[in-house]
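Contents: one structure, followed by commentary.
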Amino acid sequence: MRSKLFVPGIRPELFAKAWSGDADALSFDLEDSVPAARKHEARGNVVGFLCGQGDASGAKAIIVRTNAVDTAWFGGDLAALAGCAIDLLNVPKIEDTAAVRAAADAVRDSHGQQAPGLLLNIETPRGLANAAAIACADPRVVGLQLGLADLFEPHGIARTPANVHAAMFALRMAAAQAGVFVLDAACARIEDADGFESEARMARELGFIGKSCIHPRQVALANRVFMPSEQEIAWARRVVAAAADAEVRGHGAFRLDGRMVDAPFVARARNLLQAIDREEE
Ligand code: 1VU
Ligand code: MG
């Protein structure tokens with residue numbers, strides 16, 4: 001999921017374009033891009049569109065961002081989405097494990113055996129402080145989504161590389177503790193391709209799998225930055241092959257192209273190859 005394109009639920013004229021575009025995932029939004037008076041309309045648009053597509057999204061992951069668990073809209077969002085083929089529900093502003101359990105229970109009630117996985121937004125100071133516990137709170141949680149606009153803007157925190165890195169690193173460690181993936185935040189500066197790309201590169205270096213996009217022109221940038229290079233894949237294959245050989249010889253650490261390789265490096269290589277295999281399935 002290198003790129004996840006947001007599409008406001010009240011802009012159905014964008015749905016078909018987003019569907020046929022290059023984003024790895026689409027996130028139909030019922031939350032902040034939809035004013036309170038139009039929540040019902042947004043739900044109707046999204047449900048009508050998704051039900052009309054059946055499960056024909058192909059390789060694209062289909063996500064819906066609901067309203068937060070403690071809002072009056074959350075229950076109605078889930079009830080409306082119960083019949084749709086959705087890969088993930090993205091739940092915003094999760095702050096503690098009680099909210100995760102409430103979301104997971106509600107999704108099991110509304111969707112039963114077909115319940116989609118949960119992608120949880122960490123976008124408040126309290127959510128960030130509790131992120132590891134949140135990620136571990138229910139087996140339905142598959143990923144965390146960084147929300148920098150909510151995390152920074154109301155508190156007057158500038159979006160400098162140092163501030164962004166601090167938030168990313170904290171979230172990455174929380175996700176790693178739970179063994180779930182993590183996605184980078186949206187970037188509101190549509191015209192600033194360099195800014196988008198430098199945030200995406202920082203995220204990639206920290207092991208994030210992709211980045212939220214709010215405009216189609218950001219999708220190609222995210223797809224490029226988060227795509228593993230041929231060299232990385234070739235190196236991973238060599239590490240795994242050499243590790244198998246070393247194991248036969250009874251060695252845990254060995255030398256490959258002037259570098260020492262042992263268990264953590266082999267784990268990284270295996271993770272990369274497994275991620276590629278999953279993409280190809
Ligand atoms: O060239 P065309 O006319 O065929 O298409 C336009 C436009 O319709 C299309 N487009 C999109 N298509 C699919 N998904 C999108 N999100 C999307 N955005 C635009 O691309 C062509 C060029 O569009 P544009 O440059 O004229 O864009 P507008 O001025 O119409 O719209 C800009 C905004 C930012 C309003 C629009 O891109 C948008 O609504 N984006 C998503 C906003 C959103 O969902 N926000 C909430 C999530 S982000 C968050 O919560 C934290 C920051
Ligand atoms: Mg937000």
Side-chain angles (χ1 to χ4, degrees), residues 1-8 18 21-29 31-33 60-61 63 65 88 90-94 119-129 131-132 134-135 142-178 180-229 231-232 268 271-272 275 279:
M1 213 193 299
R2 300 164 301 172
S3 52
K4 173 167 78 65
L5 177 63
F6 271 111
V7 195
D22 292 330
D24 288 347
L26 297 184
S27 185
F28 294 90
D29 187 32
E31 199 217 10
D32 280 351
S33 68
K60 239 186 235 320
I63 302 170
R65 182 168 77 171
L88 298 176
N90 176 212
V91 187
K93 300 184 178 74
I94 293 283
L119 171 62
L120 302 179
N121 285 14
I122 303 298
E123 50 188 345
T124 63
R126 188 154 175 258
L128 190 58
I134 285 170
V142 296
L144 300 180
Q145 164 74 61
L146 181 59
L148 284 181
D150 280 291
L151 192 60
F152 283 5
E153 299 301 328
H155 308 291
I157 302 172
R159 199 148 161 164
T160 62
N163 293 343
V164 169
H165 186 275
M168 281 184 185
F169 190 78
L171 196 62
R172 180 67 184 99
M173 286 294 113
Q177 192 173 322
V180 302
F181 69 75
V182 63
L183 285 167
D184 188 20
C187 177
R189 299 183 308 273
I190 298 166
E191 310 296 334
D192 182 6
D194 289 346
F196 181 94
E197 196 163 331
S198 65
E199 279 189 6
R201 287 201 183 287
M202 188 189 287
R204 169 121 205 266
E205 285 169 5
L206 287 168
F208 284 54
I209 64 162
K211 185 166 175 65
S212 286
C213 304
I214 43 129
H215 192 278
R217 74 174 53 158
Q218 297 177 330
V219 167
L221 298 172
N223 285 350
R224 194 175 71 236
V225 170
F226 288 96
M227 176 71 103
S229 68
Q231 290 94 317
E232 283 173 287
R268 180 185 186 141
N271 289 343
L272 177 70
E279 285 302 313

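Residues M1 and L88 are in side-chain contact: their nearest non-hydrogen atoms beyond the backbone lie under 4.5 Å apart. Within the 4.5 Å cutoff, the side chain of L206 has heavy atoms near those of the H165 side chain. Between I122 and L128 there is a side-chain heavy-atom pair separated by less than 4.5 Å.
Taking CG of L119 as the reference point, atom CG of L144 lies at 7.5 Å (rounded to 0.5 Å). In this structure, CG in D29 is found 11.0 Å from CG in L5, a value given to the nearest 0.5 Å. Distance check, rounded to the nearest 0.5 Å: CD of E199 to CG of L221 gives 12.0 Å. F181 CZ to R172 CZ: the interatomic distance, rounded to the nearest 0.5 Å, is 11.5 Å. Rounded to the nearest 0.5 angstrom, S212 OG and F196 CZ are separated by 8.5 Å. Note that the CG atom of D24 and the NZ atom of K4 stand 12.0 Å from one another [nearest 0.5 Å].
Within 6.0 Å of atom CG in N163, more than 12 heavy atoms from other residues, nucleotides or ligands are found, so the atom counts as buried in its surroundings. For R159, the CZ atom sits in a packed shell: over 12 heavy atoms of surrounding residues, nucleotides or ligands are nearer than 6.0 Å.
Residues meeting the side chain to side chain contact (heavy atoms under 4.5 Å, CB included) test with P125, sequence neighbours left out: L151, H155. Remark: E153 pairs with no residue by the side-chain hydrogen bond (donor to acceptor under 3.5 Å, both in side chains) rule, at least two apart or across chains. When the side chain to side chain contact (heavy atoms under 4.5 Å, CB included) test is applied to R201, the partners found at least two apart in sequence or on another chain are E197, V225. Every residue two or more places apart in sequence or in another chain was checked for a side-chain hydrogen bond (donor to acceptor under 3.5 Å, both in side chains) with Q218, and none qualifies. Partners of P216 under the side chain to side chain contact (heavy atoms under 4.5 Å, CB included) rule, at least two apart in sequence or in another chain, do not exist in this structure. Looking at residues two or more places apart in sequence or on another chain, you find a salt bridge (Lys or Arg N to Asp or Glu O under 4.0 Å) between R204 and E232. Taking the side chain to side chain contact (heavy atoms under 4.5 Å, CB included) definition, one finds that A162 meets it with T160, sequence neighbours left out. By the side-chain hydrogen bond (donor to acceptor under 3.5 Å, both in side chains) test, N223 is found to be paired with S3, residues two or more places apart in sequence or in another chain being considered. Take N121 and apply the side-chain hydrogen bond (donor to acceptor under 3.5 Å, both in side chains) test, not counting sequence neighbours, and it matches N90, E123.
Applying the side chain to side chain donor-acceptor pair (under 3.5 Å) test to every pair with at least one member in residues 180-195, sequence neighbours left out, gives these pairs: D184-K211, R189-D192, E191-R217.
Contact record, K60 with G21: NZ-O, 2.7 Å, taken as the closest heavy-atom pair. The two residues L148 and A167 come nearest to each other via the heavy atoms CD2-CB, 4.0 Å. The shortest non-hydrogen separation linking F226 to A203 is CZ-CB, 3.9 Å. Smallest separation of non-hydrogen atoms from A149 and P154: O-CD, 3.5 Å.
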For side chain to side chain contact (heavy atoms under 4.5 Å, CB included), just list the numbers for D150 and T124, CA-CA rounded to whole Å, side-chain angles, deciding distance to a tenth of an Å, and then say yes or no. CA-CA 6 Å; D150 280 291; T124 63; 5.7 Å; no
